[in-house]
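This report concerns only the one structure given below.
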There are 2 protein chains.
Amino acid sequence: MKNTNTVKKKPDTPDRSTEEKIKEAARTVFTRKGFAATRTRDIAEEAGLNLALLNYYFRSKEKLFEIVMLEKMQVFFGFIGPIIYDESTSLELKVEGIVSQYIDMLQDNPDIPFFIMGEARNNPAILANAMPRKDFLRNSIFIKQLKERKPDQDPYQFLLSMLGMIIFPFLLKPVFQKITDTEDPKFKQMMKARRELIPAWCRAILKLK
Amino acid sequence: MKNTNTVKKKPDTPDRSTEEKIKEAARTVFTRKGFAATRTRDIAEEAGLNLALLNYYFRSKEKLFEIVMLEKMQVFFGFIGPIIYDESTSLELKVEGIVSQYIDMLQDNPDIPFFIMGEARNNPAILANAMPRKDFLRNSIFIKQLKERKPDQDPYQFLLSMLGMIIFPFLLKPVFQKITDTEDPKFKQMMKARRELIPAWCRAILKLK
DNA sequence: GGAAAAATTAATCATTTGATTAAAATATTT
DNA sequence: AAATATTTTAATCAAATGATTAATTTTTCC
């Protein structure tokens, strides 16, 4: 029987693989092509399942999308909390942590930034739930330390640059590879090198003035 | 009579405004929503014209899109050529020029980077025509100067960071504004401030080691 | 002014796409 | 094993969408 929108009754020992297959396929296709360009048939095909099963397990394309989006936001924002709220580490150490963790994550999930920024543009409403709270950044130790170090500069200016250095290459990847004739292994190696380069550059920036 | 796909016959003194209205509307809608999420009806409505006129003046959604894409690539890559091939300016001066010109352009066309990178992902083929030649960057004076300054470092590492600092904030804009509660005027002012900040940061990075 | 050409419109078509349904297949329970 | 519940499938629907057509209006040119 079809799931209602009220209570989701699950059998005791279900073969979860079908539902999980759909989610996995949805992750892949949504993240690669975005909501608008993704057809439910793409997902069904990617999962190797009948189209109707998408609506059977999840109510609609939108609901399925929301689940994927929530997961991805978690991955994208999840790990910086512990770093930027750590009272015991220096600014420089925080930068190192953010850089290396972000680059590791992006090597595994290169489509995430584009996915999140794209949907944030097209459908700001859907982000409202998954987005970090307003004061998540503002109240962080990281921002406090930045203000102390550079009292006369907006701390978000540095943050934007640091994130730009980390994330932007992954966004530019298709264009960059085409223009510079860079193959995947070489690109990966470059990104790995940036784990050392970016913190060094940030230190130089923070020392200024 | 309808235009054929062979020769486009134009009257001598046509009122070009209809064709131009369509192109202008197509620029707006395509750039904001991307190819897949744009419906031809959106463009017709934006232009205040009958839907059939799109196919009358341009053959198809794809053809219209190609025109817009070509234009945008021109805007995005067009102005850096004269700067990076200038034999008479220093590395630092080139950085200043790139930063200020890019930020000016992005203030006027904030949707461009996302548009180009998005379509580069979804439809790499369509870029092939409009993309700069393989050696456009490699043979530039800018890259040569970077190699001289930092012989033991891939010059594209610096380039990626510089572009990241410039462009990334415009990509993150919707997310950033939501998280930090930054209104448009404040954001604009921040971007203006980066015209001075980024060159200073780049100088610090180039002085390293 | 009138014929020819060009531009515009409303109606319609064919395909795509998200969703639904009823029947069939499979699993679970008693 | 029968009965019941759950899962899966094939067929279909309704709306959306890119495109076309035939008729109408407007412009051009003699």
Side-chain angles (χ1 to χ4, degrees), chain A residues 1-26 29-30 32-69 119 122-123 126, chain B residues 1-26 29-30 32-69 119 122-123 126:
Chain A
M1 187 203 275
K2 195 172 173 303
N3 288 327
T4 69
N5 52 0
T6 55
V7 181
K8 181 150 193 176
K9 194 166 135 210
K10 272 282 170 52
D12 289 334
T13 51
D15 176 22
R16 281 295 183 81
S17 73
T18 296
E19 189 169 345
E20 191 44 50
K21 269 186 214 159
I22 295 174
K23 274 215 294 217
E24 186 53 39
V29 183
F30 274 140
R32 191 169 56 221
K33 318 214 306 180
F35 179 81
T38 295
R39 292 161 301 176
T40 53
R41 281 165 177 80
D42 295 336
I43 299 174
E45 192 182 351
E46 171 84 20
L49 294 170
N50 187 290
L51 169 64
L53 290 172
L54 301 214
N55 295 73
Y56 177 75
Y57 282 99
F58 307 89
R59 301 268 300 150
S60 65
K61 183 187 176 187
E62 273 81 7
K63 292 261 186 241
L64 183 53
F65 179 79
E66 273 176 42
I67 292 170
V68 172
M69 170 57 90
E119 303 304 328
N122 302 338
N123 194 354
I126 214 166
Chain B
M1 187 204 273
K2 193 171 174 309
N3 289 326
T4 70
N5 54 359
T6 54
V7 181
K8 182 150 192 173
K9 196 167 135 208
K10 270 285 170 49
D12 291 335
T13 53
D15 176 22
R16 281 296 182 82
S17 72
T18 296
E19 190 169 344
E20 192 44 49
K21 270 186 213 160
I22 294 175
K23 273 214 294 216
E24 186 54 39
V29 183
F30 275 139
R32 191 171 55 222
K33 318 214 307 181
F35 179 80
T38 295
R39 292 161 301 177
T40 53
R41 281 165 177 81
D42 296 337
I43 299 175
E45 190 182 353
E46 171 83 20
L49 295 169
N50 187 291
L51 170 64
L53 289 172
L54 301 213
N55 295 76
Y56 178 76
Y57 283 100
F58 308 89
R59 301 268 301 151
S60 65
K61 184 186 175 187
E62 273 81 9
K63 292 260 187 244
L64 183 52
F65 179 78
E66 273 176 42
I67 292 169
V68 172
M69 170 57 91
E119 303 304 328
N122 302 337
N123 195 353
I126 214 167

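The chains referred to below are lettered A, B, ... by the order of the sequence lines, with proteins before strands, and numbering in each begins at 1.
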Go through the steps to decide whether B:Lys23 and B:Val68 satisfy the test side-chain contact (heavy atoms from CB on, under 4.5 Å), and finish with yes or no.
-> CA-CA 7 Å; B:Lys23 273 214 294 216; B:Val68 172; 5.9 Å; no
Heavy-atom distance under 4.5 Å between the side chains of B:Phe58 and B:Glu19, does that happen here?
->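 Side-chain contact under 4.5 Å: yes.
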Please name all residues satisfying side chain to side chain contact (heavy atoms under 4.5 Å, CB included) with A:Leu51, sequence neighbours left out, ordered by chain then number.
->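 Counting only residues at least two positions away or on another chain, A:Leu51 forms a side chain to side chain contact (heavy atoms under 4.5 Å, CB included) with A:Thr40, A:Arg41, A:Ala44.
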Under the side chain to side chain contact (heavy atoms under 4.5 Å, CB included) test, residues paired with B:Ala25 that sit two or more places apart =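 B:Ile43, B:Glu46, B:Ala47.
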Without decimals, in angstroms, what is the distance between [X] [atom1] and [N] [atom2]?
X: A:Tyr57; N: D:dT8; atom1: OH; atom2: C1'; answer: 8 Å
X: B:Phe65; N: D:dG18; atom1: CZ; atom2: P; answer: 13 Å
X: A:Leu64; N: C:dA19; atom1: CG; atom2: C1'; answer: 14 Å
X: A:Tyr56; N: C:dT26; atom1: OH; atom2: C1'; answer: 11 Å
X: A:Arg39; N: C:dG18; atom1: CZ; atom2: P; answer: 8 Å
X: B:Asn55; N: D:dT17; atom1: CG; atom2: P; answer: 15 Å
X: B:Lys61; N: C:dT15; atom1: NZ; atom2: P; answer: 18 Å

Ignoring backbone atoms, test whether [X] places a side-chain nitrogen or oxygen under 4.0 Å from the OP1 or OP2 oxygen of [N].
X: B:Arg41; N: D:dT17; result: no
X: B:Thr18; N: C:dT8; result: yes
X: B:Ser60; N: D:dG18; result: no

Nucleic acid contacts - residues 42-54 of chain A versus DNA chain C, non-hydrogen atoms under 4.0 Å =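 Result for residues 42-54 of chain A: A:Leu51, A:Ala52, sorted by number.
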Bracket notation of DNA chain C in which parentheses pair within the strand, [ ] cross earlier pairs, and | pairs with another strand (Watson-Crick or G-U, under 3.5 Å) = ||||||||||||||||||||||||||||||
What is the minimum heavy-atom distance between B:Phe35 and B:Lys61, and which atoms define it?
->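 That would be O-NZ, 3.1 Å.
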Taking only residues two or more places apart in sequence, or in another chain, which ones meet A:Lys33 in a salt bridge (Lys or Arg N to Asp or Glu O under 4.0 Å)?
->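 Result, salt bridge (Lys or Arg N to Asp or Glu O under 4.0 Å) vs A:Lys33: A:Asp42.
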Any residue meeting salt bridge (Lys or Arg N to Asp or Glu O under 4.0 Å) with A:Glu24, in chain and number order, not counting sequence neighbours |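 With neighbours one apart ignored, the set is A:Arg27.
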In Å and rounded to the nearest 0.5 Å, what is the CD to OH distance from A:Glu20 to A:Tyr57?
->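 Output value for this atom pair is 12.0 Å.
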Starting at CG of A:Leu54, measure out to OG1 of A:Thr18 and round the result to the nearest 0.5 Å.
->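 Output value for this atom pair is 11.0 Å.
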Check nucleotides 23-25 of chain C for protein N or O atoms closer than 3.5 Å to its own N or O atoms and list the pairs.
none

